[in-house]
S.K.: 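Before I ask anything, here is the structure I am working with.
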There are 2 protein chains.
Amino acid sequence: MGTKQFTGSPGEADLRRADSLAREIFSDVANKWAFLIIEALGERTLRFSELRNEVEGISHKMLTQNLRMLERYGLVERQVHPTVPPRVEYTLTEPGQALRATVDGMCGWTHQYLGHIEAARRRFDG
Amino acid sequence: MGTKQFTGSPGEADLRRADSLAREIFSDVANKWAFLIIEALGERTLRFSELRNEVEGISHKMLTQNLRMLERYGLVERQVHPTVPPRVEYTLTEPGQALRATVDGMCGWTHQYLGHIEAARRRFDG
DNA sequence: CGGGATCCTGTATGATACTG
DNA sequence: CAGTATCATACAGGATCCCG
């Protein structure tokens, strides 16, 4: 009950906090731009402008915004080269790479079920 | 070139169409509500109101909206029981189940890297 | 070149009310 | 109970300008 636990296992409050944190991360990361950026990076290191070209249709603002978010969560590493003009490169960290496996899975899924989905959509729309 | 291909392999135009379709699906499905709904359904069949309770914080409107989208893509099946009051149940289809594997992967990832992420975030914010 | 700040618009989302 | 429609609003996202 109210007694503090000294064991290694987390108490209820910890679990709740962990859950809300997990939920927060999930909500932030599970969006198309973040996924497309992660997918574009893959195992490469890319500059801001290169990323902008790779991720079809992303705006300057969305790219910076999502890169900040991913950097904040430690999914991408940002390396600034103090040259002129400046050169900023982004690379997936290990957690980022791990997430990429998931995103790759979703890409595979999309292509695998493309037929199913297109058919279902036609059926639904008609 | 301009010559029509009679082989089974898709032509350039088909590939472009497939890509844009894949991108469309990706953009629609890769959002937190869709993911949370898929995760909540799992292997169960749930009513609208049950789903509303399972997916913490989702509004009536967002739930219907996302369920329609998932139904349109054939990821969930909607069964209407013509009773009074009406009873509507939702179940993941096979493509939906396949996608759930991916979403599960992301949930696992979230919990696995919770520590990393929290630490990175504190470092970034401070 | 990378990115921050600002302004402005459309869309996403929530709250509410109504129908079968 | 499930779903649709309406309204109000916050926020996402684009365009633009300026800075290091």
Side-chain angles (χ1 to χ4, degrees), chain A residues 23-41 44-92 96 124-125, chain B residues 23-38 40-41 44-92 124-125:
Chain A
R23 172 61 176 271
E24 192 185 336
I25 296 166
F26 196 92
S27 297
D28 281 348
V29 176
N31 83 72
K32 64 169 179 174
W33 289 133
F35 276 20
L36 289 169
I37 290 171
I38 289 169
E39 194 60 19
L41 274 176
R44 303 177 290 176
T45 292
L46 291 180
R47 306 182 53 168
F48 182 88
S49 47
E50 290 169 336
L51 262 173
R52 186 138 165 49
N53 292 330
E54 289 292 325
V55 181
E56 176 84 15
I58 197 169
S59 69
H60 184 98
K61 188 179 182 177
M62 282 303 97
L63 184 53
T64 8
Q65 201 165 300
N66 278 276
L67 281 172
R68 283 295 158 281
M69 183 267 290
L70 292 173
E71 188 193 356
R72 189 167 101 103
Y73 285 154
L75 306 194
V76 301
E77 193 196 342
R78 178 167 178 266
Q79 296 148 294
V80 184
H81 299 85
T83 60
V84 46
R87 177 184 191 84
V88 183
E89 296 180 326
Y90 294 91
T91 317
L92 287 181
F124 186 94
D125 290 344
Chain B
R23 171 62 177 271
E24 192 185 336
I25 296 165
F26 196 91
S27 297
D28 281 349
V29 176
N31 82 72
K32 64 169 180 173
W33 290 133
F35 276 20
L36 289 169
I37 289 170
I38 289 168
L41 275 176
R44 302 177 292 176
T45 292
L46 291 179
R47 305 182 55 166
F48 183 88
S49 49
E50 289 170 336
L51 219 33
R52 184 137 165 50
N53 291 331
E54 289 292 325
V55 181
E56 177 85 14
I58 196 169
S59 70
H60 185 98
K61 188 178 183 177
M62 283 302 98
L63 183 54
T64 5
Q65 201 165 300
N66 278 275
L67 281 173
R68 285 294 161 280
M69 182 268 290
L70 293 173
E71 188 192 356
R72 188 167 102 102
Y73 285 154
L75 306 193
V76 301
E77 193 197 340
R78 179 168 177 265
Q79 296 149 295
V80 184
H81 298 84
T83 60
V84 44
R87 177 185 190 84
V88 183
E89 297 180 325
Y90 295 90
T91 317
L92 287 182
F124 186 95
D125 290 343

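Proteins come first, then strands; the chains are lettered A, B, ... in the order of their sequence lines, and each starts at number 1. Side chains included, hydrogens not; waters and symmetry mates left out as well; all remaining heavy atoms used. Computed from a predicted structure; not experimentally measured.
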S.K.: So, is A/Ser49 near the phosphate of C/dG2, with a side-chain N or O under 4.0 Å from OP1 or OP2?
M.R.: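 Yes, such a contact exists.
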S.K.: In Å and rounded to the nearest 0.5 Å, what is the CG to CG distance from A/Leu46 to A/Asn53?
M.R.: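 It comes to 10.0 Å.
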S.K.: Got A/His81 and A/Val88 here, is their nearest side-chain heavy-atom distance under 4.5 Å?
M.R.: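 Not touching, per the 4.5 Å side-chain cut-off.
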S.K.: Would you sort out whether B/Arg44 and B/Glu54 count as a salt bridge (Lys or Arg N to Asp or Glu O under 4.0 Å), showing the intermediate values?
M.R.: CA-CA 12 Å; B/Arg44 302 177 292 176; B/Glu54 289 292 325; 3.6 Å; yes
S.K.: Any side-chain heavy-atom pair from B/Gln65 and B/Trp33 closer than 4.5 angstrom?
M.R.: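 Not in contact.
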S.K.: Does B/Glu50 use its side chain to pair, donor to acceptor, with the backbone of B/Arg47 at less than 3.5 Å?
M.R.: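 Indeed, once roles are kept as given, a pair shorter than 3.5 Å links the two residues.
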S.K.: Rounded to whole Å, how long is the line connecting atom NE2 of B/His81 with atom P of D/dG3?
M.R.: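 For the pair B/His81 NE2 and D/dG3 P, the rounded distance is 13 Å.
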S.K.: C/dG3, OP1 or OP2 - any side-chain N/O from A/Arg68 closer than 4.0 Å?
M.R.: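 Answer is yes, contact under 4.0 Å.
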S.K.: Under the side chain to side chain contact (heavy atoms under 4.5 Å, CB included) test against B/Leu70, which residue among B/Asp28, B/Leu75, B/Leu92, B/Leu41 passes?
M.R.: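 That would be B/Leu75; it is the only one of B/Asp28, B/Leu75, B/Leu92, B/Leu41 passing the side chain to side chain contact (heavy atoms under 4.5 Å, CB included) with B/Leu70.
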S.K.: Please list, for nucleotides 13-18 of chain C, all pairs of protein and nucleotide N/O atoms separated by less than 3.5 Å.
M.R.:
residue, atom, partner, partner atom, Å
C/dT13, O4, B/Lys61, NZ, 3.3
C/dG14, OP2, B/Ser59, OG, 2.7
C/dG14, O6, B/Lys61, NZ, 2.6

S.K.: Provide, to the nearest angstrom, the distance between the CD atom belonging to A/Glu71 and the P atom belonging to C/dG2.
M.R.: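 The answer, rounded to whole Å, is 15 Å.
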S.K.: Do A/Tyr73 and A/Glu24 touch side chain to side chain, with heavy atoms closer than 4.5 Å?
M.R.: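 Touching, per the 4.5 Å side-chain cut-off.
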S.K.: Does a side-chain heavy-atom distance below 4.5 Å link A/Arg72 with A/Met69?
M.R.: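 SC-SC contact between A/Arg72 and A/Met69 ruled out.
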S.K.: Rounded to the nearest angstrom, tell me the gap between atom CG in B/Leu67 and atom P in D/dT4.
M.R.: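 Interatomic distance, CG of B/Leu67 to P of D/dT4: 11 Å.
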S.K.: Taking OH from A/Tyr90 and P from C/dC1, how many angstroms apart are they, rounded to a whole number?
M.R.: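 To the nearest whole Å, that distance equals 15 Å.
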S.K.: Output the distance between atom CZ (B/Phe48) and atom CZ (B/Arg78), rounded to the nearest 0.5 Å.
M.R.: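 Spacing of CZ (B/Phe48) from CZ (B/Arg78) equals 10.0 Å.
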S.K.: Using whole Å, report how far CG of A/Leu46 lies from P of C/dG2.
M.R.: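 Atom CG in A/Leu46 sits about 11 Å away from atom P in C/dG2.
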S.K.: Please report the interatomic distance OG1(A/Thr64) to CZ(A/Arg52), rounded to the nearest 0.5 Å.
M.R.: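 Between atom OG1 of A/Thr64 and atom CZ of A/Arg52 there are 8.5 Å.
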S.K.: For nucleotides 18-20 of chain D, give me every protein contact, N/O to N/O, under 3.5 Å, one pair per line with atom names.
M.R.:
none

S.K.: What integer distance in Å separates B/Phe48:CZ from D/dC1:P?
M.R.: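 B/Phe48 atom CZ is separated from D/dC1 atom P by 11 Å.
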S.K.: Based on Watson-Crick and G-U pairs with both distances under 3.5 Å, what dot-bracket line describes DNA chain D 5' to 3', crossing pairs as [ ] and inter-strand pairs as |?
M.R.: |||||||||||||||||||.
S.K.: Strictly below 4.0 Å: does B/Arg47 bring a side-chain N or O up to OP1 or OP2 of D/dA2?
M.R.: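 True: B/Arg47 side-chain N/O within range (under 4.0 Å) of D/dA2 OP1/OP2.
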S.K.: Round to the nearest Å and state the distance from A/Leu63 atom CG to D/dG13 atom P.
M.R.: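 Atom CG in A/Leu63 sits about 13 Å away from atom P in D/dG13.
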S.K.: Which atom names give the shortest non-hydrogen contact between A/Ala40 and A/Leu51, and what distance separates them?
M.R.: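 It is CB-CD2, 4.1 Å.
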S.K.: Would you find a donor on one side and an acceptor on the other, under 3.5 Å apart, between the side chain of B/Arg23 and the backbone of A/Glu56?
M.R.: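 Yes, the answer is positive, given that a donor and an acceptor are paired below the 3.5 Å cut-off.
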S.K.: Under 4.0 angstrom, heavy atoms only, what part of the nucleic acid is A/Arg52 near: base, sugar-phosphate, or nothing?
M.R.: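 The residue A/Arg52 makes no contact with any strand.
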S.K.: Rounded off to whole Å, could you give me the CG-to-C1' distance for the B/Asn53 and D/dA2 pair?
M.R.: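 Spelled out: CG on B/Asn53 to C1' on D/dA2 is 14 Å.
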